[in-house]
Amino acid sequence: MVTRRFNLVYGGGSIGLMGVVSQIVHQGGCNVLGLNKYIYGLTQIIGTTTGHVKPVIDMHQRKTKMMRESDCFIALPGGYGTLEELFEVISWAQLGVHVKPFFSMFSITKKKKIMQVGLLNVNGYYNHLLSMIDKAVQDEFIKPFDRNILVTASTVKELINKLEVSDSVCLMKLS
């Protein structure tokens with residue numbers, strides 16, 4: 001991210017994977033924007049925010065601001081919060097709630113523009129989830145075209161290249 005001069009918009013924590021990513025991006029001279037809801041004692045749970053902080057009223061507002069401030073969404077390995085945010089962003093893309101111009105994908109047959117969402121599948125962490133999604137496509141709960149919203153790779157470099165992003169990246173690992 002730093003070598004490509006990407007900025008970071010994230011949930012505002014300094015622990016775990018996102019803590020490491022936010023510190024590296026900030027130390028590399030890129031902009032880091034943390035969006036978090038003030039809750040008494042939250043700093044003990046998520047640590048202090050690296051970079052600029054914008055407080056939000058609730059989690060929905062946080063996700064909405066992330067959508068507005070970002071050109072791309074990438075989920076790192078995580079738990080329930082990450083999965084909830086990942087599927088909300090995928091749903092928003094499917095419904096056309098957000099369509100960013102820099103890396104929208106076009107289907108040759110349908111000419112439907114979609115936003116792609118990145119999934120960093122480190123060491124096969126998300127393999128079972130991806131199998132479930134593919135099963136949903138097979139059983140016709142998800143349209144094959146919409147399966148293309150989710151782009152996966154096992155390395156950050158490969159994922160960013162697949163997404164063809166430029167400017168701001170939102171890493172959706174907020175739990």
>> Please determine whether side-chain contact (heavy atoms from CB on, under 4.5 Å) holds for the pair V137 and D146, giving the CA-CA distance in whole Å, both sets of side-chain angles, and the decisive distance to 0.1 Å.
In response: CA-CA 9 Å; V137 172; D146 291 330; over 6 Å; no
> Quick one: are L130 and N121 in side-chain contact, heavy atoms under 4.5 Å?
Replying inline: yes
> Can you list the steps and then say if L129 with L86 is a side-chain contact (heavy atoms from CB on, under 4.5 Å)?
Replying inline: CA-CA 12 Å; L129 177 67; L86 172 67; 4.2 Å; yes
> Any side-chain heavy atom of V21 within less than 4.5 Å of one from L8?
Replying inline: yes
> Below 4.0 angstrom, N of the basic side chain to O of the carboxylate: do K135 and D139 qualify?
Replying inline: yes
>> To the nearest 0.5 Å, what is the distance between CZ on F141 and CE on M132?
In response: 11.5 Å
> Can you find a heavy atom in the side chain of L159 that is under 4.5 Å from one in the side chain of T152?
Replying inline: no
> Say you draw a straight line from CZ of F73 to CD of E85; how long is it, rounded to the nearest 0.5 Å?
Replying inline: 10.5 Å
> Looking only at heavy atoms, what is the nearest atom pair of I142 and R147, with distance?
Replying inline: CG2-N, 4.1 Å
> How long is the span from the OG atom in S154 to the CG atom in N127, to the nearest 0.5 Å?
Replying inline: 10.0 Å
> Are any non-hydrogen side-chain atoms of F87 and V117 less than 4.5 angstrom apart?
Replying inline: no
>> Do I74 and I160 have side chains that approach each other closer than 4.5 Å (heavy atoms only, starting at C-beta)?
In response: yes
> Can you tell me how far the CD1 atom of I57 sits from the NZ atom of K65, to the nearest 0.5 Å?
Replying inline: 8.0 Å
> Taking the side chain as C-beta and beyond, is there a heavy-atom pair between K157 and K162 under 4.5 Å?
Replying inline: no
> Can you check side-chain contact (heavy atoms from CB on, under 4.5 Å) on I149 and Q94, steps first, answer last?
Replying inline: CA-CA 7 Å; I149 293 169; Q94 182 182 24; 3.8 Å; yes
> Atom CD1 of I24 and atom SG of C30: how far apart are they, to the nearest 0.5 Å?
Replying inline: 11.5 Å
>> Under the side-chain contact (heavy atoms from CB on, under 4.5 Å) test against I133, which residue among L119, I90, L150 passes?
In response: L150
>> Just verifying a value: how many Å separate L120 CG and Y125 OH, rounded to the nearest 0.5 Å?
In response: 11.5 Å
